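A quick note: this is a predicted structure, and the numbers were derived from the prediction, not measured. Quick note: numbers below take in every heavy atom, side chains included, and nothing from hydrogens, waters or symmetry partners. In what follows, residues are counted from 1 in the order of the sequence shown.
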Amino acid sequence: MNLSRLLIFAVVLVWSSCGKDDPEPEQVCMQADWVGTYTGTAVCDGTSDDATVTITASGMDQIIIEYATSTLTTTFDPLTVEGCDLERTATLGGVTASVSATLDGDDLSLNDMISGAGFDSDCMVTATRQ
């Protein structure tokens with residue numbers, strides 16, 4: 001009788017330890033995680049070009065993003081870091097500009113859109129930290 005209880009206990013113990021793995025903890029990004037130089041590709045209005053993205057710290061929790069291709073350079077004034085994703089939109093004089101970015105380890109995705117007043121532009125940058 002004790003042997004069968006022990007066997008049942010062992011089976012239950014093994015069975016209960018088989019379950020779903022704990023999910024990976026969500027990545028948390030601080031200002032220092034964003035800072036660096038990234039190289040990759042920018043696709044702007046359907047045209048692909050090499051791109052270099054430079055992200056520098058500004059103050060305690062903001063970053064300045066600059067990306068350059070062979071034909072353009074774009075700089076985003078200090079943006080507050082609130083994790084691994086950021087998104088900002090501003091409208092002035094009928095023109096709306098928005099930037100969104102995601103940082104996943106050393107991989108950066110950046111989308112820059114401008115529209116209004118007869119002007120539409122969309123750039124998608126994918127780059128890796130060097």
Side-chain angles (χ1 to χ4, degrees):
M1 185 84 165
N2 287 339
L3 184 58
S4 63
R5 280 185 163 176
L6 184 59
L7 183 59
I8 291 171
F9 177 74
V11 169
V12 169
L13 182 64
V14 169
W15 179 71
S16 67
S17 68
C18 296
K20 292 183 178 180
D21 292 336
D22 290 336
E24 276 189 42
E26 189 173 314
Q27 182 181 359
V28 177
C29 297
M30 309 293 281
Q31 178 191 51
D33 296 317
W34 289 84
V35 172
T37 301
Y38 302 76
T39 57
T41 303
V43 178
C44 297
D45 303 322
T47 302
S48 181
D49 199 355
D50 291 338
T52 299
V53 181
T54 304
I55 301 178
T56 55
S58 178
M60 297 297 290
D61 63 353
Q62 294 181 321
I63 56 175
I64 297 171
I65 300 174
E66 178 180 283
Y67 75 87
T69 68
S70 63
T71 59
L72 69 97
T73 299
T74 302
T75 302
F76 299 100
D77 287 337
L79 303 167
T80 301
V81 172
E82 297 171 350
C84 300
D85 298 305
L86 65 86
E87 188 170 337
R88 301 294 182 276
T89 300
T91 301
L92 180 63
V95 176
T96 299
S98 66
V99 61
S100 60
T102 300
L103 182 64
D104 184 7
D106 287 330
D107 297 324
L108 176 72
S109 296
L110 174 79
N111 191 18
D112 171 22
M113 295 174 51
I114 301 173
S115 63
F119 183 78
D120 288 315
S121 176
D122 184 7
C123 289
M124 182 65 192
V125 179
T126 54
T128 302
R129 185 185 339 251
Q130 300 305 302

**Study point:** Separation between CG of D106 and OH of Y38, rounded to the nearest 0.5 Å
**Key:** 7.0 Å

Exercise for review: Output the distance between atom CG (D112) and atom CZ (F76), rounded to the nearest 0.5 Å.
Suggested key: 3.5 Å

Study note, to complete from the structure: Taken to the nearest 0.5 Å, the spacing of N111 CG from S98 OG works out to 6.5 Å

Check your understanding: When rounded to the nearest 0.5 angstrom, what distance separates OG1 in T74 from CG in L72?
Key -> 4.5 Å

Check your understanding: Between CG of L86 and OG1 of T102, what distance do you get to the nearest 0.5 Å?
Key -> 7.5 Å

Review point. With no hydrogens and no angle check, is any side-chain donor or acceptor of R129 less than 3.5 Å from a backbone partner on V35?
Key: yes

Check your understanding: Which distance, rounded to the nearest 0.5 Å, do you find between the CD1 of I64 and the CD1 of I55?
Key -> 11.0 Å

Exercise for review: For the pair D45 (side chain) and D122 (backbone), establish whether a donor and an acceptor sit closer than 3.5 Å, ignoring hydrogens and angles.
Suggested key: yes

Review point. Looking only at heavy atoms, which two atoms of Q31 and Q62 are closest? And how far apart?
Key: NE2-O, 2.6 Å

Check your understanding: Got M30 and V81 here, is their nearest side-chain heavy-atom distance under 4.5 Å?
Key -> no

Point to revise | Between T39 and T52, a side-chain donor and acceptor under 3.5 Å | key: no

Check your understanding: Is there side-chain contact between T89 and M113, with heavy atoms separated by less than 4.5 Å?
Key -> no

